[in-house]
Protein chains: 2
Amino acid sequence: MAAESQRTTTVSSTVEDYLKVVLKIEDMKQRASTSRVARHLDVADATVTDMLRKLKKAGLLEYKPYYGATLTRKGRRMAVRMLRRHRLLEMFLHQVLGYGWEQVHQEAERLEHAVSDLFISRIDALLDYPAQDPHGEAIPDARGFRQVEDDLCLAEAEPGSYIIRKVTNSEAEFLAYLDKVGLRPAIRFSLQEKAPFQGPLKLLPEGGREPVYLGLEASGSIFVVPLKQRPPAPLPEGAASRQAGDRPGRATEKEEA
Amino acid sequence: MAAESQRTTTVSSTVEDYLKVVLKIEDMKQRASTSRVARHLDVADATVTDMLRKLKKAGLLEYKPYYGATLTRKGRRMAVRMLRRHRLLEMFLHQVLGYGWEQVHQEAERLEHAVSDLFISRIDALLDYPAQDPHGEAIPDARGFRQVEDDLCLAEAEPGSYIIRKVTNSEAEFLAYLDKVGLRPAIRFSLQEKAPFQGPLKLLPEGGREPVYLGLEASGSIFVVPLKQRPPAPLPEGAASRQAGDRPGRATEKEEA
DNA sequence: CCCCATTTTTAGATCAGTCTAATAAATTAC
DNA sequence: GTAATTTATTAGACTGATCTAAAAATGGGG
């Protein structure tokens with residue numbers, strides 16, 4: 001019954017969504033400008049201007065007109081908490097309720113605002129404190145610590161052997177496609193060719209019958225770890241995404257809260 | 001993957017709450033008057049007047065000014081669906097996540113608006129299609145059929161031997177108290193005395209060391225089945241509330257949808 | 001049948017989150 | 001370094017759910 005971070009302030013699910021988006025943008029090393037936030041949330045720019053001002057007043061982020069937002073410590077804490085909830089819920093839906101990895105995102109998107117901290121700590125225990133979600137993304141721990149995720153983007157990889165670490169794109173159709181061609185976290189493949197000028201990549205997945213050709217959208221959202229001479233130990237059974245601990249490409253912990 | 005009732009209209013969770021309350025009041029054979037609905041939802045009467053008019057326009061209930069509301073077939077279908085979701089979620093929280101029966105209501109109250117039909121059908125299967133929730137209340141099936149619940153209210157019972165069928169009061173403190181004195185669904189007890197003029201009941205629960213004295217609030221929300229010469233077969237293990245099928249006091253099915 | 005207490009509705013307002021259209025600031029291009 | 005383009009903010013309005021306070025209908029008791 002590990003204590004989940006006890007809320008100090010209660011905010012609407014709308015606020016939670018804004019914070020999540022700002023965190024996501026900051027994680028991509030981009031400026032959280034009004035329009036960028038608006039695009040992520042699919043609302044009008046004017047709406048975001050208003051809301052960022054409110055969030056600033058609530059002490060959740062800094063806001064500079066004509067520039068954009070930066071999370072404060074408090075805002076970041078809340079955003080990371082949502083990330084943890086989202087990813088734990090995805091893992092729960094996948095492992096316990098048998099959802100496909102392309103189905104988990106949408107459901108978690110609603111549940112993350114509705115479940116209690118008790119619910120979260122119970123599924124955390126039930127899943128035996130998973131470190132990754134079904135897409136291979138790291139789950140922040142209950143204290144708000146996050147693994148540094150410095151994996152190599154497939155779009156930047158050179159020909160060679162790799163293992164898929166994570167896929168950062170939650171569109172169901174896209175994930176269903178990857179699944180169909182045999183690309184999932186923990187799957188090994190060899191990158192055989194890169195056509196020039198951002199052309200398609202040719203790669204051969206592990207069980208490989210057919211080669212697969214991927215364009216920019218796909219290769220930009222797949223992150224990999226190069227397979228060394230000594231390939232990583234076989235993964236614990238149970239799930240494509242239940243890998244634990246330290247492997248090349250995963251650095252140690254980093255404070256967040 | 002049994003098909004959950006596919007939504008035709010999508011409504012806000014507020015609307016869902018109004019429908020639930022009207023159903024609850026109708027189930028108690030009372031008139032769903034403005035003020036009664038308002039009390040259940042803890043909102044002002046004026047708010048209810050407005051909302052009932054909207055719900056009438058949406059075809060979810062009939063509304064007669066200065067009289068009150070009556071669910072239409074469509075409104076009833078939606079209300080029963082919420083009842084099913086709520087009770088299945090309670091059972092899930094109790095059986096899978098280890099919630100106490102006094103904890104499940106509050107969490108289910110939020111989740112019932114957030115989970116998808118897929119979620120509901122998955123937990124239904126996981127729980128092996130339970131017929132009762134942790135309080136012993138019948139769970140409507142996926143088609144909207146409900147068991148007729150004609151159990152005897154403890155407040156109206158005569159001295160004798162009984163088995164607790166259900167407890168209809170979701171206040172956590174109240175349930176925690178009942179639990180402490182050993183009163184739970186499927187528990188046998190003997191009603192020893194009834195003090196006159198709605199006075200306290202004296203009863204001795206199954207494992208009975210001490211007698212327990214109950215006032216009106218308690219005895220009015222406990223429903224029982226008299227124990228005949230031939231007491232009901234021992235219940236399947238696993239849960240206080242996993243009893244299945246036909247026993248005295250439970251009638252057969254009744255169409256709802 | 002009329003008055004009074006209760007219940008209900010009406011009227012008017014608020015709040016959060018959103019929109020569109022118009023204006024203004026910032027940035028880029030030449 | 002000014003003009004054109006892009007980005008952001010302001011202004012004004014809407015919707016859904018709620019409130020309070022005032023007015024109106026209902027339903028008994030005499």
Side-chain angles (χ1 to χ4, degrees), chain A residues 7 9-22 25-26 28-71 75 78-79 82 109-110 112-114, chain B residues 7 9-22 25-26 28-71 75 78-79 82 109-110 112-114:
Chain A
R7 233 59 333 281
T9 323
T10 303
V11 299
S12 69
S13 69
T14 307
V15 166
E16 291 173 339
D17 283 336
Y18 276 82
L19 294 176
K20 277 173 54 187
V21 162
V22 175
I25 294 172
E26 289 186 353
M28 294 188 297
K29 315 286 183 209
Q30 293 180 317
R31 175 167 66 93
S33 65
T34 302
S35 58
R36 195 124 52 194
V37 172
R39 250 176 288 126
H40 276 85
L41 288 168
D42 196 29
V43 297
D45 290 7
T47 309
V48 174
T49 301
D50 274 17
M51 188 53 106
L52 292 185
R53 267 209 297 258
K54 283 183 208 161
L55 298 186
K56 180 196 168 104
K57 194 172 320 170
L60 296 168
L61 44 76
E62 289 309 317
Y63 167 60
K64 283 276 232 297
Y66 296 101
Y67 176 79
T70 318
L71 291 173
M78 294 186 53
M82 295 314 292
E109 202 65 17
R110 275 171 290 109
E112 65 188 8
H113 305 295
Chain B
R7 234 54 336 279
T9 323
T10 303
V11 300
S12 68
S13 68
T14 307
V15 166
E16 291 173 340
D17 283 337
Y18 277 81
L19 295 175
K20 276 173 54 186
V21 162
V22 176
I25 294 171
E26 290 185 352
M28 293 189 297
K29 316 284 184 211
Q30 293 180 317
R31 176 168 65 94
S33 66
T34 303
S35 58
R36 194 125 51 195
V37 172
R39 250 175 288 127
H40 276 86
L41 288 168
D42 195 30
V43 297
D45 290 6
T47 308
V48 174
T49 301
D50 273 19
M51 188 54 107
L52 292 185
R53 266 211 298 260
K54 282 184 209 160
L55 297 186
K56 180 196 169 105
K57 194 173 320 170
L60 296 168
L61 43 76
E62 290 309 319
Y63 167 61
K64 284 274 234 300
Y66 296 100
Y67 176 79
T70 317
L71 290 173
M78 293 185 53
M82 293 316 291
E109 203 64 17
R110 275 172 289 110
E112 65 188 10
H113 305 295

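Computed over heavy atoms, backbone and side chain alike; hydrogens, waters and symmetry mates excluded. First the proteins, then the strands, lettered A, B, ... as listed; each starts at 1.
You'll find the side chain of B:M78 reaches within 4.5 Å of the side chain of B:V11, heavy atoms only. Residues B:M51 and B:V43 are not in side-chain contact: their nearest non-hydrogen atoms beyond the backbone lie 4.5 Å or more apart.
Among all heavy-atom pairs drawn from B:A79 and B:L19, the shortest one is CB-O, 3.7 Å.
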Notebook entry, point to check: In B/S/- notation, 5' to 3', how is nucleotides 4-11 of chain D contacted by protein heavy atoms closer than 4.0 Å?
Noted result: ----SBB-
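Residue B:K57 contributes atom NZ, which lies 12 Å from atom P of D:dT15 at whole-angstrom precision. Atom CD in A:E16 sits roughly 11 Å away from atom P in C:dG17 (whole-Å rounding).
A sub-4.0 Å separation between OP1 or OP2 of C:dG17 and a side-chain N or O of A:S12 is present.
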List, one per line, each side-chain donor-acceptor pair under 3.5 Å for residues 34-41 of chain A, sequence neighbours excluded.
residue	atom	partner	partner atom	Å
A:R36	NE	A:R31	O	3.1
A:R36	NH2	A:R31	O	3.1
A:H40	ND1	A:R36	O	3.0

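Nucleic acid contact class of A:T47 (heavy atoms, under 4.0 Å, all strands): base.
Using modelled atom types, no side-chain atom of B:E16 and backbone atom of B:H113 make a donor-acceptor pair closer than 3.5 Å.
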Next item on the list: Start with the C-alpha distance between B:L71 and B:E26, add both sets of side-chain angles, then the distance that settles side chain to side chain contact (heavy atoms under 4.5 Å, CB included), and finish with yes or no.
Entry: CA-CA 9 Å; B:L71 290 173; B:E26 290 185 352; 3.8 Å; yes
